[in-house]
Amino acid sequence: MSRAFDLIVIGSGSAAGSIASRCRAAGWSVAMIDKRPFGGTCALRGCDPKKVLVGAAAVVDAARALAERGVHPDGLGVDWPALMRFKRTFTDPVPAGRRAALARSGIEAFDGVARFDGPTRLSVNGDALEATRAIAIATGAVPIMLPIRGSEHVMISDDFLELDSLPSSIVFIGGGYISFEFAHVAARAGAHVTIFHRDSRPLGQFDRDLVDRLVTRTREAGIDVHLATGVHRVETAGARRRIIGSAESGDVVVEADVVVHGAGRVPDLQDLNLEAAGVRHSHAGVAVNEYLQSVSNPKVYAAGDCADSSGLPLTPVAGYEGHVVAANLLEGNHTVVVYTGVPSVVFTIPPLARVGLGEEEARRNGLQFGVRHENTSGWNSSRRAGERHSAFKVLVEDRTQRILGAHLLGPHADETINIFALAIRAGVPAGQLRQMLWAYPTQAADIPYMISPGDA
Ligand SMILES: Cc1cc2nc3c(=O)[nH]c(=O)nc-3n(C[C@H](O)[C@H](O)[C@H](O)COP(=O)(O)OP(=O)(O)OC[C@H]3O[C@@H](n4cnc5c(N)ncnc54)[C@H](O)[C@@H]3O)c2cc1C
């Protein structure tokens, strides 16, 4: 016998949470299914645990950066097992906490793989569930299959975040944000780290000039970065791994204790049997309209990393898309997604951040704008932190003085970018940002100088 709910939500991460809680608060009966412990990627295997590790690595780096400038960093280092124990104090309580919160709000939780049996029917672990109003797919993303020989010797980001001891050498495949962030952590913790990236340009979503500086900084942190070098084979070499990449100049061979896959993630749709529900999809995710409704099954919506929307695969976007889905379920299709002013950060040391348009993108769109781009390593804000690689690029439209995009590398870039995000999303023009009174000396107090040299 099947059980009926107004809404069935597949997944228990950021997107699923906002859909389920809003619909439940409106009085709907709601079921939530997850095949892994409840809580989703960000809280258990992504942003949150990663930031705990980055925090410790940044402390070590900050002290070293001020060596001979008033700080004795001797003896300072990362105690990896203790750091992992600390990390687990964040992650371990999440599944039980989530389950308790769901129970309190009257959302029924189901463990297991959800699989469609029809347009509004699912099975999970032997239970048959029927949705009377809608099904929301919020299944997130998983690492893409690596098309290389020996991929079975490569671990994924989940495994890296569970390493009980720090390997003495690590290779990351792929030059995206996960590889860069983990590489920066591992290097500060004492590992010898190598990144292989198949193109000449890593971190392709970020400003090219700032990325170049970050690559320099990454190399100065002791990390070997091989660009335009695609890994095509991983072999075992005793207990170690041998990684073979090919560059124009020939093969690059590196041996390491572990190899980590940081070469991209894809929507996790493979278990869902979407064909049975007539839900159109591709490798980019569930095909949705501007209301995040399936283009082929009106009873199905999708949000977060698994949806083929133009939103970035980031936690705030997943949560926001969840809210949009909930609004459209509860009020009919009225709310469309708006992705203006979504910030994105690479949590390296120092961090790299962006919001709005990139310079190349703005030119392609035919916009008329001014660019302020400066190396800020001589500014007080970087000098007092001992940071030798920092810069910004800010794009302001000529006619409207609207901020089109902001790109920051340096101390606290991850926080300062939020102010630019606010300006872009709320339409605060450059002139008003310039006139703000900023607490001093903070990183945000640099903002007027990033917008207009006249104030410097
Ligand atoms: C290492 C790492 C670091 C990251 N760092 C950041 C960061 O700093 N900032 C940021 O904004 N984003 C970061 N992200 C991305 C962020 O974690 C995701 O964008 C976000 O978690 C997506 O949320 P979601 O709700 O779409 O999916 P998820 O949180 O991934 O939840 C999907 C859930 O669906 C479940 N599921 C899948 N298929 C089925 C099925 N058939 N049946 C039942 N359950 C199923 C999965 O088990 C999973 O729990 C990071 C990701 C990783 C991997």
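Counting starts at 1 for both ligands and their atoms, in listed order. Atoms considered below: every heavy atom in the structure, side chains included; atoms not considered: hydrogens, waters and symmetry mates. Counting begins at 1 with the first residue of the sequence.
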[X] and ligand 1 - part of the residue with a heavy-atom distance under 4.0 Å:
X	result
Ala114	both
Ala318	side chain
Arg265	side chain
Val124	neither
Phe116	neither
Lys35	both

So, [X] versus [Y]: side-chain donor-acceptor pair below 3.5 Å or not?
X	Y	answer
Arg240	Ser169	yes
Glu321	Tyr339	yes
His389	Glu220	yes
Gln205	Ser344	no
Ser390	Thr376	yes
Gln293	Asn328	no

Close-contact set for ligand 1 against [X] heavy atoms, below 4.0 Å:
X	result
Pro313	15 (C), 19 (O)
Asp271	41 (N)
Val113	41 (N), 42 (N)

Would you call Lys35 and Asp268 a salt bridge, using N to O less than 4.0 angstrom? yes
Strictly below 4.0 Å, N to O, side chains only: are Arg217 and Glu387 in salt-bridge contact? yes
So, regarding [X] and ligand 1 (criterion: nitrogen or oxygen to nitrogen or oxygen, under 3.5 Å), is there a contact or not?
X	answer
Pro37	no
Glu181	no
Pro316	no

Do [X] and [Y] make a side-chain contact, defined as non-hydrogen atoms from C-beta onward lying under 4.5 Å apart?
X	Y	result
Val258	Arg241	no
Lys51	Leu53	no
Val260	Phe160	yes

Do me a favour and list the nearest non-hydrogen protein atom to [atom] with residue, atom name and distance?
atom	answer
atom 5 (N) of ligand 1	Lys50 NZ, 2.9 Å
atom 28 (P) of ligand 1	Thr41 OG1, 3.5 Å
atom 27 (O) of ligand 1	Gly140 CA, 3.2 Å
atom 21 (O) of ligand 1	Cys42 N, 3.4 Å
atom 6 (C) of ligand 1	Cys47 SG, 3.4 Å
atom 26 (O) of ligand 1	Asp305 N, 2.9 Å
atom 35 (C) of ligand 1	Asp34 OD1, 3.3 Å
atom 25 (O) of ligand 1	Ala15 N, 2.9 Å

Any chance NE2 of His412 has more than 12 other-residue heavy atoms, nucleotides or ligands included, within less than 6.0 Å? no
May I ask whether [X] has any heavy atom positioned less than 4.0 angstrom from an atom of ligand 1?
X	value
Gly112	yes
Phe38	no
Tyr177	yes
Ser14	yes

Result block: side-chain N/O donor-acceptor pairs under 3.5 angstrom for residues 78-85, not counting sequence neighbours:
residue	atom	partner	partner atom	Å
Asp79	OD1	Ala82	N	3.3
Trp80	NE1	Leu163	O	2.8

Heavy-atom distance to atom 16 (C) of ligand 1: which of Val317, Asp414, Thr315 wins? Thr315
Considering only heavy atoms, which of Gly46, Gly17, Gly13 lies nearest to atom 2 (C) of ligand 1? Gly46
Identify each donor-acceptor pair in which a side-chain atom of residues 99-117 lies under 3.5 Å from a protein atom, sequence neighbours left out, and give them as a table.
residue	atom	partner	partner atom	Å
Arg99	NH1	Asp111	OD1	2.8
Arg99	NH1	Asp111	OD2	3.1
Arg99	NH2	Asp111	OD2	3.2
Ser105	OG	Ala101	O	3.3
Ser105	OG	Leu102	O	3.1
Glu108	OE1	Arg3	NH2	2.9
Glu108	OE2	Arg3	NH1	2.7
Glu108	OE2	Arg3	NH2	3.3
Asp117	OD2	Ser123	OG	3.4

